[in-house]
Amino acid sequence: MAVGFSQNDLANGVLENPQKIDALRSTLLQWFKSNGRHYIPWKLTKDGTLPNENQYLAVYPILVAEVMLQQTQLKVVLPYWEKWMLALPTLVDLAKAEEDKVLLLWQGLGYYSRARRLHVTSRILLNLIGIPNSLNPANWPKDLESWMNLPGIGRNTAGSIISSAFNLPSPLLDGNVKRVLTRLIGSTKTPNKDLARLWKLSDLLLDKNLPRTFNQALMDLGATICTKYNPICTNCPWQNYCSAYNSGNPENLPVKGQKLILSKAVIGVGLILNKNQDVLIDQRLDEGSMGGMWEFPGGKKEKDESIEMTIARELREELGVEVKVGKKLIEFDHSYTHKKLHFIVHLCELISGKPKPLSSQEVRWVKLSDLQNYPFPKANSYMISALKEYFLISKTKMK
DNA sequence: GATGCGTGGAC
DNA sequence: TGTCCAAGCAT
């Protein structure tokens, strides 16, 4: 008797067989009791216990966590979330916070537009709920539509929030669930080209009586058993039902999407220092990559240009100043999702002109000891370290 | 519907 | 030193 599912099962209606659905639910929930990740702080009550079916959980901590978790692993998020909740413990605190403070708390997490959208979302929600009511989960919106209309909240995040906070029956489709379901049905389509079917399957399987627990169990299964590499099928509650396992090579699924090609460029950066040893920084435009973050001015090297020429030209174009390009401070590679950049960073001296934000929001002279109060993307943090190191050494030499 | 968006973990 | 991808969303 075949107990597994084939990739045509869903289309053929086999998965709608209530007995098979029940078997999948009960084996997963049973597994979850003793093997789930029961340590996730925003999934617990104030007493640190698992919530029962009738309990709401605090919404704001879940909202923050779910946005941080977009394209980011749980273990990376945990320390950021802890720090965030100490600095901005309530919705009101976030709504009232300065953007620099928000971005500083996000610094290092990447995809910085998430932080700015979450900030906007907090203000919309506060308007909706009102300050006296913002601490009571009962007063928050509970339907998928309302959540999805908020900036930075898509279907998955909205479903996660309302199933986690209110135990409402809304399915999920994150990276873990995509991998688990793709293997379960043995789909040979790359998950992101099969979203409609996977959403349907996630909804079909969801235990409507225990949505919070079921969704968490499904994600935990993906994160701890049905991993990308070396899945531990012998411990999997769905082993006997899994098409990928029955095929003998579960690791072969899901199939990869199109390989993405990184473009390469050399970036010249100028660290302009004045007589007080303040350094010039500028704030990136809100729209576009890493919007609202601060940086050191610079730009892409053209073909027939020396790096000194690049830096002088970029600083002329971006700040309207003439500089003398001095010694090289540091040089390094840094990769982004879609491009690989080689940064070459020189110290510079201002010759003429007053720096103006011609292609940024604002320019500012900052003491080295104050740089920590400005949110910088990762690449700039290497430059800051090198700069501080440099002045530490030159101070030592002067003694 | 394809593409752009940061950083770090795992292999 | 590279590749792939992670609790995705917006455009």
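Convention: sequence-line order gives letters A, B, ...; per-chain numbering from 1. Being a predicted model, the structure only gives us computed values, none of them experimental.
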Exercise. Any side-chain N or O of A:Y80 less than 4.0 Å from the OP1 or OP2 oxygen of B:dT7?
Worked result: no
Problem set entry | Phosphate contact (B:dG6 OP1 or OP2) by A:S289 side-chain N/O below 4.0 Å | yes
Charged N to carboxylate O below 4.0 Å: is that the case for [X] and [Y]?
X	Y	answer
A:R364	A:E362	yes
A:D194	A:R197	yes
A:R25	A:D207	no

Roughly how many Å is it from [atom1] in [X] to [atom2] in [N], rounded to a whole number?
X	N	atom1	atom2	value
A:Y111	B:dT3	OH	C1'	11 Å
A:R155	C:dC9	CZ	P	10 Å
A:Q71	C:dA10	CD	C1'	13 Å
A:K339	B:dT7	NZ	C1'	15 Å
A:M148	C:dC9	CE	C1'	10 Å
A:K259	C:dT3	NZ	P	5 Å
A:R179	C:dC4	CZ	C1'	12 Å
A:E295	B:dG6	CD	P	12 Å

Problem set entry | A:M383: partners by side-chain contact (heavy atoms from CB on, under 4.5 Å), with sequence neighbours left out | A:V269, A:F296, A:F332, A:F343, A:V345, A:N380
Base, sugar-phosphate or nothing for [X]? Non-hydrogen atoms, less than 4.0 Å.
X	result
A:M290	sugar-phosphate
A:G110	base
A:Q258	nothing
A:L78	nothing
A:T227	nothing
A:N176	base
A:I153	sugar-phosphate

Exercise. Under 6.0 Å between ring centres, would you say that holds for A:W31 and A:W238?
Worked result: no
Quick one: the side chain of [X] and the base of [N], do they pair up donor-acceptor inside 3.5 Å?
X	N	answer
A:R37	C:dA7	yes
A:T157	C:dG8	no
A:T72	B:dG6	yes

Choosing from [options], which nucleotide comes nearest the side chain of [X]?
X	options	answer
A:Y336	B:dC11, C:dG8, B:dT7	B:dT7
A:K228	B:dG9, B:dG6, C:dA7	B:dG9
A:K256	C:dA6, B:dA2, C:dC5	C:dC5
A:K75	B:dT7, B:dG9, C:dA7	B:dG9

Exercise. Is the charged tip of A:R284 near the ring of A:W294: under 6.0 Å from the six-membered ring centre and within 45° of its axis?
Worked result: no
Exercise. Which residue, A:K43 or A:K340, contacts DNA chain C at a nucleotide closer to its 5' end, judged by nearest heavy atom?
Worked result: A:K340
Seminar exercise, completed: Per nearest nucleotide of DNA chain C, the residue lying toward the 5' end, A:A158 or A:Q73, is A:Q73
For this session: With P as the reference atom in both, quote the distance from C:dA7 to B:dA2 in angstrom, rounded to an integer.
Result: 24 Å
Problem set entry | Pairwise P distance, C:dC9 and B:dG8 [rounded to whole Å] | 22 Å
Exercise. Nearest nucleotide by nearest heavy atom, which residue falls closer to the 5' end of DNA chain B, A:V76 or A:S113?
Worked result: A:S113
Problem set entry | Nearest-nucleotide 5' precedence on DNA chain B, A:Y229 against A:H334 | A:H334
Seminar exercise, completed: Intra- and inter-strand pairing of DNA chain B, written as dot-bracket with Watson-Crick and G-U pairs under 3.5 Å and | for the latter, reads .||||.|||||
For this session: May I ask you to check whether A:K43 and A:S164 show a side-chain donor-acceptor distance below 3.5 Å?
Result: yes
Problem set entry | Short side-chain donor-acceptor distance under 3.5 Å, A:S360 and A:Q283 | no
For this session: List the steps, then state whether side chain to side chain contact (heavy atoms under 4.5 Å, CB included) holds for A:N35 with A:I225.
Result: CA-CA 10 Å; A:N35 298 284; A:I225 299 289; over 6 Å; no
